[in-house]
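Remember, predicted model here, so these are calculated numbers, not experimental data. Residues take their numbers from the sequence shown, with the count starting at 1.
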Amino acid sequence: MELIRALQLLKLNSVSSGMIPYLSRASWVDAVWDFEFTHTDPLDPVIEEEIKEDPDVFKTIYKQLLPFSNKDDDNTQSVWLVFGENGVSAKPLVAVLSYFILSAKAKSPSLEQRLCGLQAASLYLLLLKIPGSVANKVYHQILFDTCLNMPLKCWPQDSGKKRKKDTLKSSQGDPKTGKRSKPPKKVSEEMEIDDDEDDEEEGVYFSPQDLLKLREGIVLLVRTLLRLLERFSLRDKPQSADSCVQLTIFRIYIQRYNLLRIFCLFSRNVDQIQSLPELSYHGLGLLCSTIHGEGDEVGVFRKLLYVILMMKTQERSKPCLLAPSQAVCGARDQAILFISHIVDNQREAALPLLRILVQHICHQMVEKSEYRVSGAQAVGKLMAKMPCQDYAAIIKWLYSYSRNNKVAFRMFALDVALVLLEQSERDVDDTVDPELAVFLPHRFLVHNIIYNHRNDVSPTVRGHALHCLAQCLELGSQNATKCVHELFSNSKYITTETLTLFKKHVSDPKINARKSALETVMSLLKHGVISCSAENLSILSDRCRDPAVSVKKKAMQCLMDLLTALPENREVQEAWLRGVLPAVMDSESSVQEKALECLDHVVIAHIKSQGKYRDDDTSQKLAWDLLGLMCEKCQDLSRYFSKTFSVWAPQQKFTPAFVNGLLSHTDGERAAAAWLLLAKIASCSPKLNYGTVLDTWENTIRSPVVSVAMTCHILSVLGDIASNLNDDTKTRIVDDLMGWLKTFSLPLEVISSCVDTLVRFSRSDNTQDTLRFLDRFCGELVSVCESYLSGVILQEKGAENINEDLLVKHLYTLGAASLHCPSKVGKRIFLVVQSVLTPSEQPGDELPASQPLSRFKPNSMPTVVRAHAVITLGKLCLQHEELMLKYLPVFARELEVGTELAVRSNVVVVMCDLCVRYTNTVTRYIPNISACLRDKDPIVREQTLIMLTNLLQEEYVKWKGALFFRFAIVLVDPDPAIADLCEYCLVDLLLKKSPLMFSQHFIECIFHFNSYEKHKKYNQFLQTESEKSKFSLKGRQNQGKRFRIYRFLLKNFTDEQRFNITTKICQDILASFVDSELPLDSDSSELLADTFDILSLKEMKLTAMSGPAAGEEPQEDEMAMAKAVLQVAQKKLVSQVQKRNFVENVIPIIISLKNMLEEQHSPVLKHLMAYLQVTMQDYRSEVKELFAADEQLAAEVEYNLKRFEKEKQQQEQQQMENQLANFTFSPQRNVSQTYTYIGNIMVYCLILITNIFFYFYFHPPLRKPVPRQWNVESPLVQKLRSKKRF
C-alpha cells in the first residue's frame, strides 16, 4: 500500500528501537513523549540523513493521508485500522514529526529545517483531522500549539537585533531656537524579544525563491488548519484557540485584496482560496462559529482589536504601534469589514462583543492624531452596525468616557463624536428605552460632548474641542450645523458674552488652542452663526500680530478662507486688509512671505486690462474692491502697502503689460484704485506711458472737484517720473502746482502732496540749483502765507470775521514749505505764528518761559487753529534752534496745565520730534512728556505711549528716573486697548532690546507703587506732587492693580532672574527692616504685605521646579522621556541650590522679622505666615530641621501645612463626589418638581448607586468579558513553564 511505503521513509521502526545512552531502558520515542514535546534529544544522525534523502517525504505522506481525512467519504477505510494491520504505531510517528517541528524552532534554523518543520506541522494537523485521532492519543496540546506557532517562527522577521524598535517618523525641532515641533515619538515600547530570537536571522539570507517555498509551506499549514477547524472543536482548549487566532492574525498584513471578497469567503472551498489574508479571515470566520464556543470564547475580536488600533502584539510583550503603511491601513479596513460581516451574520451573539470591542478601542487609543483619527473612523463604522438601543447605550458610555481624567480619552471622545455626526441621525423607535432616547440625536453630541469641552482644563483638549466645533459646520450633515446654530441662537451668546468667550480662547496661553479658536471663529463667521461685525472680525485680524509665528499664519489663513467664502462682504474685506497688510512688516520673514503671498494671490494676480474685466468674475471684482477700500476707509494702511512694493520691486514683478493694463483703468470707476497701484509701482516699473499720466493731471488740475486720495496718488506718480520729463513739461507742472497751492482751497493732504511733488521736481545733480529752486518756489509760498497771516493776526480788527479753514490752510502750507527754505523764514514769521498762539504778545516782547500757551490772556483763536499753529511752530523749531530753546519750556508747561485736547496731543508729537533733532536738550523734558501717560484723555495717553516707545527703540531716550514706572503703570490703564498696546510695546519691542529691563526695576516698583520714600536708595528721583499723585498706586484699593503689574513683570523673568530677585528682595527690603534701617510703621505695612505676597506668587516659582501644566499628561516618546529625566535631575540640582539659599539667606531674616512683627502685633504677620506656608510645600518633611532656631515658628508652620493639606483633601473629596454624582446623568436633568422631599432623597440615592454600578461595570479598564478573559493561561501551560526550568 502506498501509505505504508511512504511511512517507511520515516524509519519508524528504527526510531522505535533506538535507545538513549544515559537512559538505558528508555527509547528515544518514550523520551520525547515524557518531555511532552518541549524538548527532544537528537535523532540518530544516520536515521535523520536517511529520512532527509527524500526532500518531499512529508508531502508524499500528506498526499497519501489526505483521503482518510474526508469524513464524508464512506468508502474510505479507517487509517487507524491500516496502521494496526501493518504494525504502524502513531506514537513514533508523532515523535518523529515533533523532532522536525522543534528543529525549526532552533536558533538560526536553515531553510531546510524551516521547510521540514512546516511540512511536518501540516502533516500532524492532518492526522488530527482524521476521525479517531483523539482516541488514538495523537492530540497533544503542547505539540498542537507548537504547530500553530510555526509560521511565526519560520517566516523571516522584518527586523533583526539591530532594529528591535520601530520609530515613527516626524519632523525635528529647530536646534537653534530650541523649539520642539514634532519630535520622533514612540508611544509604547517595542516587543521585548528573548536573546535567542534576537539573533534568529543573524547570518541567514533568503532569496526570493526561498521565500516562495516558505510561503507555500505556510499556505499548506494554514489550509490544513482550516480543514481541521471545520470539525475539531477548541471549546475547551483556550490556549490552542488563542494560538489559532494568533496564527491567522499574523498573515493579515501580507497583502491587500478586494474587501468585498470577504463576504464570499465562507461559501468557498479552502483549496480555492489562494491569498493568505483570505485564508486568515476564513479561519477567523471558522473560529467565530458555534463549534468553538458561544460568542468570542476564542478571542477573535480581541486579536482584531490590535489590528484596528494598528498595533503589534507578541507573547510576553507590550503592544507597540505600527507605522501607518498601506498594508497596515489595509489590514485595519479588512478587520473592520470582517467584524461587520460577523455582526450581520451572528447578530445576537456578536452585538455584546461589538460593544465591548468599541469600549476597548476607546480605552487603548493613543494620543497621536493620525491613530486617533483612524480609530474614530473605525468606531464610527462599527457603531453603524448597532441597533438604536445599543447605539444609545454606547453614546451614554462615551459621554462618561469624555469626562475621564486622561487627556487622550477626552481627545478621542471628541474625534468619535465628530465621526458620528457625519452619519445620519437616528430616529427614536420602540426598542429604545426612554432614558436612552436623549442620547440618539446629534444635538447631544454637539452640545454635551464637543461644546462642553471648550473650557477643558487641558489646553490640548480645549483646542481640539474648538476645532471639532468648527468642523461640525463643514460637515454635510444639516443636523450638526443646526445644532451649532442653536448654541448661539440665544441672545446672551450673540452679544457681549460670545465676543468675550472667543477673545478668551484666542488669547489662550497655548498656541494650538489659539489656532483652534481662530478656526472656530472663522467657521462661525463663514456660516453666519455669528454676525460679520467689525468687532467679531477683529478677533481674527488682531491675531495676525500674535507673538507666535504659527498663530499669525493661521490667522491670515482664516482670513483668506473667510474672504474666499464671503468675497462681497465689505466688513470681511476690511478685516482682511487690517490683518494681512501690517504683516508685511513683521519681524519674522516667514510671516512676511505669507502676507506677500496672500496679497499677490488676492490682488495682484487678478489685475487685468479694462477689456478683460468682467463683472461676474468674483476674483477681479474682489481685487478692485480691496484697492478701493485702500483709497477710502483703510488709507491708514498705506505705508504697509508701500512696504509690499518695495519688496516686490527687485523681483521685476510688474511687466509692461501689467502696467499698461493698469493704465487702462485710470479713466473709469476704478480710477482711484488704479492710481493707488500706479503710485506704488511707478518708481520701480518699466517706462510708463507719460502721456496718459499728463493728460490725467491736466484733467485733475481743471476739475472743480478734487478727489483727495486719487489726487495724492497722481501727484506721487508725477514725482516719480519727474526726472524723465523735459524742461518745458516740468515748468508747466511746477506752474500748475504753484497756482494750485496759492488758491489755498486744497485739502491739507493734497497741500502736503503738492509740496512734496514740488520738492521732487527740484532735484538735480547740482545741489546749488536745487537750493535755488526751493528758495524760489517754497520761499514764495512762505511769503504768501506770511502776508495773509500778518493781515489777519497783526493788523487791527484783522481777526474779525476770521475764516478758520483758510487760516488753517495757510498755517499748514507755511509749515510744509518752511522746512525746505529755512533761509527765507524771518523773525516776523515767528511772531506771526506766536501771535496765533498768544495774541496778547506784541512784537518785540519776550515770551515768559514759565507760562503755558493758554495762560497769557484769553485767546479768541479756535482750538483747531491753535493746534495747527503748534505743529507749524514745531516745524519752525526744527530749523531754528534758538526758537526751540525759547518754546520748549512753554510746551512743557502746556502739557501740565493745558485744557485743549488737540493742542496737548500735538505738543507731545512736536516735543518727541524735537527730541530726535535736539536730543540732549529735550531729554530733560522727558518727565513732562511721560506725565501724559496718565492724561485724562485716552488719545493723549495712546499718542504719548507710541511716541515714547519709538524714542526708546531708537535710543534717543534712556530708562532714567521714573520713566519705567510710568510705562509700567499703563499696564493697568482704564482703556483695555491702551493696556494691551503697552504690553506689546514692553514685551515685543523694548524687552528684546533690554532683556534685564524688568529685573533691574522690579525692586523699585514695589517702593514706587506704594509711594514709599524712606529707603535711602529706592524711589528717590525728583517728582512734583501732582506727578506723585498721578502715578501713585498706594492703598488697599489699588492692590489689584499693583499685583497685575507685578505678575506681568515676573511672567517675563528668566529662572535666573527669579532666583536673584528673591535674594535681592530679602536683602534690600526685608533685611532693611530687620537691621532697623527702615521703621516698622503704618507706612511700611503695605510695603511689607506686598513683599510677602509677591514672594508667594506662583510666578516667583522657578520653571525648573514646576511640574507639567494642569490637565496635561507626559508624553511617552523617547525624547520626552529623556527630557523628563533631565528635568528631574535639573529640578533636584535647583532644589538643592534654592534650599541652601533659603536656609542661609532667607530663614534668619524671616525668623527675626517674625519676632519683630509679633512684638508690634502687626497685621503683616499673616502675610509672612502665608508666605511660609506656600514656600514650605517643597520642604514639607524638613520643617523642624529648617526652623530649628525657632521651634515655635516651626510648629506653627507645620500646623498650617497640615491644615492646608486637610482642606485640600476635603476639597478634592468634595469635587470627586460631585463628579461621581453627575457622572452619567442625562444632560437635560429635567427632574419633576412633584416629588416630595423624602422622595427626592430616595431618588438621588438610587441614581447614585446606579451610577456607581454603571461606572465600574462599563468602564473599560474594569469591564472585561467574563468568564471569557482575554489573557488566559491554561494550567497545562503553567505546568510546562515550570518544567522548562528542568
Task: Sequence neighbours excluded, every pair satisfying side chain to side chain donor-acceptor pair (under 3.5 Å) that has a member inside residues 804-815 - done: Asp805-Lys809
Using modelled atom types and a 3.5 Å cut-off, is there a donor and acceptor pairing between side-chain atoms of [X] and backbone atoms of [Y]?
X: Ser538; Y: Glu535; value: yes
X: Ser764; Y: Asp769; value: no
X: Thr949; Y: Leu945; value: yes
X: Thr757; Y: Leu715; value: yes
X: Asp937; Y: Val940; value: no
X: Ser835; Y: Leu831; value: yes
X: Asn906; Y: Ala867; value: yes
X: Ser1029; Y: Ser1026; value: yes
X: Ser994; Y: Leu991; value: no
X: Gln592; Y: Asp586; value: yes

Mind checking the [atom1]-[atom2] spacing from [X] to [Y]? Nearest 0.5 Å is all I need.
X: Leu885; Y: Leu914; atom1: CG; atom2: CG; result: 10.0 Å
X: Asn699; Y: Ser703; atom1: CG; atom2: OG; result: 8.5 Å
X: Leu873; Y: Ile829; atom1: CG; atom2: CD1; result: 12.5 Å
X: Ile926; Y: Leu952; atom1: CD1; atom2: CG; result: 8.0 Å

Task: Trace of the side chain to side chain contact (heavy atoms under 4.5 Å, CB included) decision for Met630 with Leu581 - done: CA-CA 11 Å; Met630 287 288 298; Leu581 268 179; 3.4 Å; yes
Salt bridge or not for [X] and [Y], using N-O below 4.0 Å?
X: Arg543; Y: Asp546; value: yes
X: Lys886; Y: Glu882; value: no
X: Arg917; Y: Glu881; value: no
X: Asp975; Y: Arg941; value: no
X: Arg866; Y: Glu900; value: yes
X: Lys824; Y: Glu786; value: no
X: Glu896; Y: Arg893; value: yes

Smallest separation among heavy atoms of [X] and [Y], with atom names:
X: Gly874; Y: Val910; answer: CA-CG1, 3.6 Å
X: Gln635; Y: Ala709; answer: NE2-CB, 4.3 Å
X: Gly779; Y: Cys821; answer: N-SG, 3.6 Å
X: Val572; Y: Cys532; answer: CG2-SG, 4.1 Å
X: Val755; Y: Ala816; answer: CG1-O, 4.0 Å
X: His820; Y: Cys778; answer: CB-SG, 4.0 Å

Task: With sequence neighbours excluded, residues passing side-chain hydrogen bond (donor to acceptor under 3.5 Å, both in side chains) with Arg934 - done: none
Open item on the list: My understanding is that only residues two or more places apart in sequence, or in another chain, count here; which of them pass side-chain hydrogen bond (donor to acceptor under 3.5 Å, both in side chains) with Ser787?
Closed with: none
Does any non-hydrogen side-chain atom of [Y] lie less than 4.5 Å from one of [X]?
X: Lys993; Y: Glu955; answer: yes
X: Arg966; Y: Lys1030; answer: no
X: Leu948; Y: Ser930; answer: yes
X: Trp576; Y: Leu537; answer: no
X: Leu577; Y: Leu637; answer: yes
X: Cys932; Y: Arg904; answer: no
X: Gln879; Y: Val825; answer: no
X: His868; Y: Leu748; answer: yes

I'd like to know whether [atom1] of [X] has more than 12 heavy-atom contacts from other residues, nucleotides or ligands below 6.0 angstrom.
X: Lys730; atom1: NZ; value: yes
X: Ile939; atom1: CD1; value: no
X: Lys1028; atom1: NZ; value: yes

Is the [X] ring parallel, tilted or perpendicular to the [Y] ring (thresholds 30°, 60°)?
X: Phe964; Y: His1001; result: parallel
X: Phe1009; Y: Phe965; result: perpendicular
X: Phe645; Y: Phe641; result: perpendicular

TODO: Step through it carefully: locate the ring centre of His880, locate the ring centre of Phe830, and say whether they are under 6.0 Å apart.
DONE: yes
TODO: Tell me whether the centres of the aromatic rings in Trp697 and Trp740 are closer together than 6.0 Å.
DONE: yes
Open item on the list: Does anything in residues 900-958 form a ring-ring contact (aromatic ring centres under 6.0 Å, His included)? List the pairs, not counting sequence neighbours.
Closed with: none
Task: Residue that, paired with Leu895, satisfies side-chain contact (heavy atoms from CB on, under 4.5 Å) out of Val903, Asp935, Val907 - done: Val907
Task: Thr770 side chain to Ser762 side chain, donor-acceptor N/O pair below 3.5 angstrom - done: no
Open item on the list: What I want to check is whether the side chains of Ser533 and Asn536 have a donor and an acceptor closer together than 3.5 Å.
Closed with: yes
Open item on the list: Suppose the criterion is salt bridge (Lys or Arg N to Asp or Glu O under 4.0 Å): which pairs have a residue in residues 628-647, not counting sequence neighbours?
Closed with: Arg570-Glu632, Glu574-Lys633, Arg578-Asp636
TODO: Report the C-alpha distance between Leu737 and Phe777 in whole Å, list the side-chain angles of each, state the deciding distance to 0.1 Å, and finish with yes or no for side chain to side chain contact (heavy atoms under 4.5 Å, CB included).
DONE: CA-CA 10 Å; Leu737 288 172; Phe777 293 103; over 6 Å; no
Task: Residues in side chain to side chain contact (heavy atoms under 4.5 Å, CB included) contact with Ala722, at least two apart in sequence or another chain - done: Phe761
- [ ] I would like to know whether Thr644 and Tyr640 meet side chain to side chain contact (heavy atoms under 4.5 Å, CB included); could you show each step before the answer?
- [x] CA-CA 6 Å; Thr644 302; Tyr640 303 114; 5.7 Å; no
TODO: Show your working on side chain to side chain contact (heavy atoms under 4.5 Å, CB included) between Cys982 and Asp973 and close with a plain yes or no.
DONE: CA-CA 9 Å; Cys982 179; Asp973 193 276; over 6 Å; no
